[in-house]
Amino acid sequence: MGIAKNDIVLEIKNLNFYYGELQALININLEIKRNTITSIIGPSGCGKSTMLRCINRMNELIDDTRTEGEIFYDGRNIFDSDVDPVKLRRKIGMVFQQPNPFPKNIFDNVAYGPKMYGTRNRQKLREIVEISLKKAALWDEVKDRLLDKSLSLSGGQQQRLCIARTLAVEPDIILMDEPASSLDPIATMRIEQLLREVTDDYTIIIVTNNMQQASRISEYTAFINAKERRSGFLVEYGRTQDLFIKPQMKQTEDYISGRFG
Amino acid sequence: MSNNLTKRGFEFISENAIKTFFLLCAIVSVVTTIGIVLVLLIETTNFFREVSLKEFFLGFRWNPTIKPTSFGVWPLLSGTLYFTFITALIALPVGLLSAVYLSEYSGRKIRSIIKPALEILAGIPTVVYGYFALVYITPLLRNLLPGIKTFNILSASIVVAIMIIPTVASISEDAIRAVPQSFRLAGLSLGITKFQVTASIILPASLSGILSSFILGLSRAIGETMAVTIAGGNLARLVNPLKPAEALLEPMQTMTAAMVEIGLSDITGNSTAYKSLFAVGFTLFLMTLTLNMVSQFIKNRYREKYK
Ligand SMILES: Nc1ncnc2c1ncn2[C@@H]1O[C@H](COP(=O)(O)OP(=O)(O)O)[C@@H](O)[C@H]1O
Ligand SMILES: [Mg+2]
């Protein structure tokens, strides 16, 4: 794929994942380049969310699941027995499909992570909150109402608040699971814009069902397909423009042309 | 397909008839409640024609039957409050921790065993709990605290705590589990431990339900009669606030126990002692009413609205 080895932040190797009897992921191999945006596309139910949850080990919270294979983060297999999933998640953050701010005020939502990590200094917290909200392109809209309830914000604002909350703990990688799927076009645009602006500092892996979005924001794209709509395997992975303009695989071409309509 | 528009059988009973039936049921319970409160009020007023408010509410001696009589409610009130306090000290933390365990830590299997068990525990008649305390708990306690009396506050508190823990745990657990899963996932995805997420997000979000369960548990402790009488005795004693530990080992008489005693004695309907039963009952009613109102207030004030 022509990515220099030291540019790889995440290397997924022979990853299989099972929900009980159901194998949701079949032998996934993927290398994610540092400080880029990578899109994951594929039909619903093909295992995109499952794959993201493997990367921050959130799948382990679901009963009766099994993981095989390796995921190297900066050269370290995250499934090694001495890796603490709690610490891993500080490095690999996640933004969910539905905005899920805490039932606290705006300030406390963003300051939550740093506070829990032990930052007590009010001034320091204020700085973190301001920087994170600015990065999430929400600062101007909420700077005068930081003590309002988070649920008083609109859906798009709530999602940007969740992004700010994740940015506040300074992760390396941010996993985003269709973060704009519940938002209107304007809110979606704002989020795309802010994603483009933060890639200097973060690696972003974003699941999206929107081809245009994938082609607008991401440098790399992975297409996952599914056997019988349940067991996902990687079909094609490469530079976004290559994948969309001259896909190597027939499956990819069919999916893309169907999707672009 | 033929359209069948004809009414048959039960369909002849109209919606209105059903509505009226349920309305009548509702009216019966409302009228009964109002009736009880009225009787309480009237008899209490009659009592205060014979005994001054000052003697009742500021008196430190409760002796309604043997002359010279005295109607100071404080021995009963202090016994009830102290007993309730000790019960709460045991039952509320244990109940809450059980709820947290059940909803956040136990697997589905363990919960499916413990939850019904709790409900069964809540269904055991209180008299059984009373004798359980008298026959098992008090002798056990005597090994640790040789000075403990056969009837004592500690034993009563322990057994009533056991009685109300299922209520507290069950209602708290419902409240904790009602907190959307998405908050837990959000917290965990930030690299926060499960314990921290529970303490800092989940419990605050379910605070109103937890407090309601506490208050319901407390109301039950205050109103509990059978178990406290069997385990705690029936001797009106003022709790000395300066020696709380000693009071634990001594018998008491709660307000409910005092009412039963008067009711069962051969005192006639016209005596002051008989009327004092209603005054004590009315005081008890005010206490539980206050608790219920606090509970309602908490519900309205702290209820989080998710989406
Ligand atoms: N918690 C779960 N338990 C059991 N099966 C699940 C669970 N989550 C997802 N699945 C199954 O795994 C497959 C992949 O799901 P998912 O990763 O959500 O797909 P996608 O995000 O691509 O739509 C689907 O067949 C889905 O039904
Ligand atoms: Mg999904």
Side-chain angles (χ1 to χ4, degrees), chain A residues 49 52-53 55-64 84-104 108-118 149-152 155 158-159 161-177 182, chain B residues 99-115 172-213 297-307:
Chain A
S49 302
L52 280 196
R53 288 196 302 262
I55 299 173
N56 66 350
R57 290 184 57 176
M58 292 285 275
N59 273 331
E60 292 168 18
L61 307 169
I62 304 169
D63 282 347
D64 195 21
D84 180 358
V86 172
K87 289 198 179 127
L88 177 76
R89 292 177 199 133
R90 296 184 178 190
K91 291 287 170 195
I92 306 182
M94 186 168 226
V95 174
F96 297 78
Q97 189 164 0
Q98 293 293 329
N100 56 357
F102 298 129
K104 299 174 180 290
D108 285 343
N109 261 278
V110 184
Y112 177 75
K115 255 191 208 164
M116 286 291 138
Y117 293 2
K149 283 258 159 206
S150 60
L151 296 177
S152 68
Q158 286 186 21
Q159 193 62 302
L161 180 65
C162 293
I163 294 174
R165 180 177 67 188
T166 303
L167 294 177
V169 302
E170 298 183 341
D172 234 8
I173 302 174
I174 303 175
L175 311 171
M176 299 187 154
D177 194 351
S182 64
Chain B
V100 169
Y101 171 74
L102 282 178
S103 100
E104 305 298 307
Y105 288 92
S106 76
R108 211 177 310 149
K109 254 194 205 125
I110 294 182
R111 183 172 50 240
S112 71
I113 298 168
I114 295 188
K115 207 86 212 263
S172 288
E173 201 243 1
D174 289 342
I176 295 170
R177 255 152 64 82
V179 175
Q181 185 65 9
S182 64
F183 294 162
R184 294 180 180 84
L185 296 178
L188 292 170
S189 78
L190 289 168
I192 314 290
T193 63
K194 189 168 181 169
F195 178 78
Q196 284 180 308
V197 172
T198 305
S200 62
I201 306 282
I202 308 303
L203 292 185
S206 48
L207 189 65
S208 77
I210 291 171
L211 292 179
S212 299
S213 83
F297 171 79
I298 289 170
K299 259 190 202 150
N300 298 335
R301 172 74 178 69
Y302 291 101
R303 183 169 36 211
E304 289 291 350
K305 292 179 195 73
Y306 314 113
K307 317 258 148 81

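FYI, side chains are in, hydrogens and waters are out, and symmetry mates aren't considered; it's all heavy atoms of this structure. Note that the structure is predicted; figures quoted are calculated from it, not measured. Every chain is numbered from 1, with letters handed out A, B, ... down the list of sequences.
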Item to check | Region of A:I92 that comes under 4.5 Å of a non-hydrogen atom in chain B | outcome: backbone

Next on the checklist: Given heavy-atom pairs under 4.5 angstrom as the criterion, report whether the side chain, backbone, both or neither of A:D63 touches chain B.
Outcome noted: side chain

Checklist entry - Quick check: are there more than 12 heavy atoms from other residues, nucleotides or ligands sitting under 6.0 Å from OH of B:Y105? => result yes

Checklist entry - Considering only heavy atoms, which portion of A:R165 lies under 4.5 Å from any heavy atom of chain B: side chain, backbone, both, or neither? => result both

Checklist entry - With side chains defined as the heavy atoms from C-beta onward, is the minimum distance between A:M176 and A:V95 less than 4.5 Å? => result yes

Checklist entry - Can a salt bridge be assigned to the pair B:K115 and B:D174 using a cut-off of 4.0 Å between side-chain N and carboxylate O? => result yes

Checklist outcome for this item: Heaviest contributor of heavy-atom pairs below 4.5 Å to chain A, chosen from B:S189, B:G187, B:G107, is B:S189

Item to check | Part of A:M116 within contact of chain B (heavy atom distance under 4.5 Å) | outcome: both

Checklist entry - Are A:D108 and A:K115 close enough for a salt bridge, meaning some N to O gap below 4.0 Å? => result yes

Checklist entry - Tell me, side chain or backbone of A:K91 under 4.5 Å from chain B's heavy atoms, or both, or neither? => result neither

Checklist entry - Do A:L167 and A:I174 touch side chain to side chain, with heavy atoms closer than 4.5 Å? => result yes

